[in-house]
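Have a look at the structure below, then the notes.
Every chain is numbered from 1, with letters handed out A, B, ... down the list of sequences.
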Amino acid sequence: MRKYNHREIEPKWQERWENDDLYRLDPDSKQPKWYFLTMFPYPSGRLHIGHWFMYAPPDAKARYLRMKGMNVFFPTGFDSFGLPAENAAIKRGVDPKKWTYDNMDYMRKEFRTMGASYHRKNHEVVTSDPEYYKWTQWLFIQFFNHGLAYRKKAPVDWCPKCNTSLAREQVKGDERRCDRCQTQVVKKDLDQWLFRITKYAEELLDFSQIQWPERVRTLQTEWIGRSEGAEIKFQIENSSEFITVFTTRPDTVFGATALVIAPENPLVEQLTTEDKKQAVQEYVFQARRASEIERMATTREKTGLWIGAYALHPFTKERVPIWIADYVLMGYGTGAIMSVPAHDERDFAFAKKYDLPIPTVIAPPDWDGQPLSAAYSESGKMVNSGQFNDLSNEEGKKAIVEALAAMDQGKAAINYRLRDWLISRQRYWGAPIPIIHCQACGMVPVPDDQLPVLLPDGVQFLPTGESPLKLSTEFKNVTCPKCQGAAERDTDTMDTFVDSSWYWYRYINPNKPEVFMDKSLKQWFPIDEYAGGIEHATMHLMYARFFTKALNDMGLVDHREPFKRLFNQGLILGEDNQKMSKSRGNVIDPDELVQEYGADTIRTYLMFIGPWEAGGPWSSKGIEGIVRFYKKIWNFILDPTPTINGEATATEIKDLQRILHKTINKVGNDLENFQFNTVVSTLMELFNYLAKAKETAVVNTPHWQEALKTFILLIAPLAPHISEELWEALGQPYSVHKQSWPKYDASLAANEVFTLVVQINGKLRERIEGVSLSASDEEVKQLAMSHPNIAPHLAGKELKNVICVPKRLVNIVVK
RNA sequence: GCGAAAGUGGCGGAAUUGGCAGACGCGCUAGACUUAGGAUCUAGUAGGGCGACCUAUGGGGGUUCAAGUCCCCCCUUUCGCACCA
């Protein structure tokens, strides 16, 4: 008999499937469509085990859905713009383009060894291809024309190592580090392009149309950071102008003893009195110098300075001093607050330090009228608040906002933490921003017929902090499309997250000259399922939703959410339980594993290792179990059926069918729910059963042959190669992957008898096998209580209660 | 500091959602076959007790006939957010 040799069968079938284009997408098929998207990889050089973990289990699911009769679209490509290419280029002196495209060639070969059924042939998308980024640029122009892309000079987060600005989402953690290289970011004043994602802040909070994991919804909700409150205008003394503050507690306005504005607030210069100028300038200078990290540290003592000016309280008309303090952030709200020391912890600390009054305006329960020893930020009755006294503070909020509105000094307001998305990057390997700056005409979009704006080759791209494209005069100097005068191209490139914010539309037909006008596109959207890592919760996944809403508003797509269902797989760790990295030396190379064990084994093992959403450490030990599993299956199918005399009993046949159909059902359900680990264990249980049954007369029945076929069909999604080989060995027609999923018959899966669990006072005492499902509660109780192992326990005890759970257990309560 | 999730044998993990805890696999122990091997097969494997039994799902309390699962408190770990007014 042949031995199982993956090195022989895997390349063989991979070649045949490829030649036959076995998984070719038929867009005209009448089968229900199912768009199953996985996050596409960055072409970093070679596949690591994490790629396999991310792509092999979805492939199993895609194969299952196809067998179930769905027209599954399962595309992939490469997110191929981005910094690593440049960094590698600098390090090794190769062209970023060459590095990237060589990597993709290599990785495509590696991908092939996985035996995945991705639609690569006619649907692959590569974001650095001009044919692709032409549309990234075209979309930028649509955003520009619709007021969703704008340019602004502002202090931005700058990574000194990557030498580029970053979006807020790409700055991580309390130490404010670059998402890519972990370097601490600094602030820099730059003219930058932003996408107006804040326009959709409210709608992005609404997840009612999509089924996404709670975690992601929470992360996005917190990131958007909605807070309800009011804007209150304080008139500046001796001026007709106002300072607007945002507060969530308008009910505490009578407790405001100062206005505090951020050091960066332009009002500082305007309002500071002559005698305070020098001190204020010094403070502002210090504040600017202090890093973000220092300013963010919550434990840091509050500092600030009175700038000499006053505002007038909107109700009492009393003078309220205006201070600056760096605990007020320019980037949130209006960059100015009313300081209410009695009811805000930070304001309390500030007032204590600078001896500002701390009037109580919301009475804590049992308040004795004495000054508070700590800020009280809960609710309570309003006091010291003029006409609003004795209202509950919740009523007070409404009443005060109404009164302010009547005076035209305030209104209800909602504030978001979400900032607009900064997309300018001062790097080379990205899609050029398709804008021409003309002295006369301003910012002019590149006309459609001149797209794409090609990324020039042979540019000196060393990161200097300036955009490398600036150095290319050929690229930079152009004529204005409007006035034909001399003009300059924008020399920044786009954040690669722009490239990946719409790629799923391009998969359908990457070679067509049009994208969104293509009618055949519509029927695939929104995407049924999207699988990828949770690390993209507040970046890619939020940008993707924003893009879809914007595209919908522009009439380019007909849906407002891109992905109906999202699933996050976990992270695969090294054997030391640490994140895999070259420096730790714990990286697992899938190529070696495939060589040694074969793709089917690796795929299955990755599914078996634990819940997909949990991830976890790789262990090379457990893989032996899967190796044995497939070896045994191989021998089981190819070994001649033993000669067994006699006839199978009806029970044997029913048992066989029962476990078979139970397995069909469970494997299907678990695949649909991404519970790959129990798919594998269920199939192992079935196999263990079949291996034993092979020694019984059941092998003489036609049911046995059916069972073998069914078993191969069930493992086909997990192990595409070995199943194809064994399918052929069973004399079945090519290809196993074109077969229908076995039909589940609930009546065959149903039990006829059950094991009755007998408990006394909730403790297991006996199991009675083979109890009829049709037995009445009374009969079951009788059966239990009269059982020889149970009856003695009951003797001489007072019977309190007998609980009967139908088809399951009896619990006898005695005293 | 705030918020969320998780904690089950030596290990990875199951558990029809309140009803037999430990499926499946790794590892380990013993045996068989042996061309002596890190192959294969068979049996065993939560802990304790000679035993009938007892004890076990991070710890403590509670609800319930019945709790890994629900409620309260605590501990630990992981992950978000972090002066957001």
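- The residue A/Leu219 sits close only to the backbone: its heavy atoms come under 4.0 Å of sugar-phosphate atoms, none of a base.
- Here the straight-line distance linking atom OG1 of A/Thr244 with atom CD of A/Gln409 works out to 10.0 Å at 0.5 Å rounding.
- Nucleotide B/A85 forms a pair with no other nucleotide shown, judged by Watson-Crick or G-U wobble geometry with both contacts under 3.5 Å.
- Residues A/Pro314 and A/Phe234 share a closest heavy-atom pair of CD-CE2, 3.5 Å.
- As the counterpart of B/A56, no nucleotide is assigned, since no Watson-Crick or G-U wobble pattern has both distances under 3.5 Å.
- In this structure, B/G7 and B/C75 make a Watson-Crick or G-U wobble pair, each of the two defining distances being under 3.5 angstrom.
- Taking every heavy atom of residues 534-543 of chain A and every atom of RNA chain B, no pair lies under 4.0 Å.
- Residue-level contact check: A/Val813 touches the backbone only, with heavy atoms under 4.0 Å from sugar-phosphate atoms and none from bases.
- In this entry B/G80 has B/C2 as its Watson-Crick or G-U wobble partner, both defining distances falling under 3.5 Å.
- When the C1' atom is used for both B/U64 and B/C72, the distance is 16 Å, rounded to whole Å.
- Contacts of A/Thr218 with the nucleic acid, taken as non-hydrogen atoms under 4.0 Å apart, are absent.
- Within the structure, every side-chain polar atom (N or O) of A/Thr248 is placed at least 4.0 Å from both OP1 and OP2 of B/C84.
- Classification of B/G27 as anti follows from a glycosidic angle more than 90° from 0.
- Here, B/G47 and B/G10 have their P atoms 7 Å apart, quoted to the whole Å.
- Atom NZ of A/Lys694 sits in a crowded spot, with more than 12 heavy atoms from other residues, nucleotides or ligands closer than 6.0 Å.
- In summary, the side chains of A/Glu169 and A/Trp421 do not present any donor paired with an acceptor at a separation below 3.5 Å, with no hydrogens or angles considered.
- A glycosidic torsion no more than 90° from 0 defines the syn conformation, and B/U17 adopts it.
- Between A/Trp306 and A/Tyr354, the gap from one ring centroid to the other reaches at least 6.0 Å.
- Annotation: B/A66 and B/C81 have their P atoms spaced 44 Å apart (nearest Å).
- Between A/Gly622 and A/Ala614, the residue anchored closer to the 5' end of RNA chain B is A/Ala614, taking for each the nucleotide with the nearest heavy atom.
- Within 4.0 Å of A/Asp347, counting heavy atoms only, lies no atom of the nucleic acid at all.
- Among the protein residues, A/Pro611 comes within range of the sugar-phosphate backbone only, with heavy atoms under 4.0 Å from sugar or phosphate atoms but none that close to a base.
- Looking at heavy-atom distances under 4.0 Å, A/Asn801 makes no contact with the nucleic acid at all.
- Contact between the side-chain N/O atoms of A/Arg628 and the OP1/OP2 oxygens of B/G27 is found at a separation under 4.0 Å.
- A/Lys807 comes within contact range of no nucleotide atom at all, as no heavy-atom separation falls under 4.0 Å.
- Across all strands shown, the partner of B/G27 is B/U45, judged by Watson-Crick or G-U wobble contacts whose two distances both fall under 3.5 Å.
- To the nearest angstrom, P of B/A15 lies 11 Å from CD of A/Glu685.
- Between A/Asp326 and A/Tyr283, the shortest heavy-atom contact is N-OH, 3.0 Å.
- Atom name C1', nucleotides B/C26 and B/C74: the rounded distance is 35 Å, in whole Å.
- If you measure from atom NZ of A/Lys352 to atom P of B/C83, you get 24 Å, rounded to the nearest angstrom.
- As rounded to the nearest Å, B/U42 and B/C50 have C1' atoms that lie 27 Å from one another.
- Among the atoms of the strands shown, none is found under 4.0 Å from any heavy atom of A/Ser619.
- Comparing the same atom, P, in B/G22 and in B/U16 gives a spacing of 13 Å after rounding to whole Å.
- Between the side chain of A/Lys621 and the base of B/C11, no donor-acceptor pair of N or O atoms lies under 3.5 Å.
- A pairwise comparison of heavy atoms in A/Val171 and A/Val185 identifies CG1-CG2, 3.8 Å as the closest pair.
- Checked by atom type, the side-chain pair A/Asp420/A/Thr198 shows a donor-acceptor distance below 3.5 Å.
- A straight line from CD1 of A/Ile626 to P of B/G25 spans 9 Å, rounded to a whole angstrom.
- Positionally, the nearest nucleotide of RNA chain B for A/Leu764 lies more toward the 5' end than for the other of A/Met684 and A/Leu764.
- A/Arg765 comes within 4.0 angstrom of sugar-phosphate atoms only, judged by non-hydrogen atoms across all strands, and of no base.
- Atom C1' of B/G37 sits at a distance of 45 Å from the matching atom of B/A52, rounded to the whole Å.
- The separation of B/A4 from B/U55, taken at their P atoms, amounts to 36 Å, rounded to a whole angstrom.
- Between the side chains of A/Lys800 and A/Asn761, no donor-acceptor pair is found at a separation under 3.5 Å.
- Across every strand in view, B/U64 sits unpaired, with no contact that passes the Watson-Crick or G-U test at under 3.5 angstrom.
- No contact: A/Asn761 has no heavy atom under 4.0 Å from any strand.
- Using modelled atom types, one finds a donor on one side chain and an acceptor on the other under 3.5 Å when comparing A/Ser620 with A/Glu575.
- Residue A/Lys800 is out of contact with every strand shown, counting any heavy-atom pair closer than 4.0 Å.
- Nucleotide B/U16: unpaired (no Watson-Crick or G-U wobble partner with both distances less than 3.5 Å).
- The partner of B/U40 is B/A32, by the rule that a Watson-Crick or G-U pair needs both atom distances under 3.5 Å.
- Residue-level contact check: A/Glu214 touches neither bases nor backbone, having no heavy atom under 4.0 Å from any strand.
- Here NE2 of A/His6 is found 8.0 Å from CD of A/Glu596. Values are rounded to the nearest 0.5 Å.
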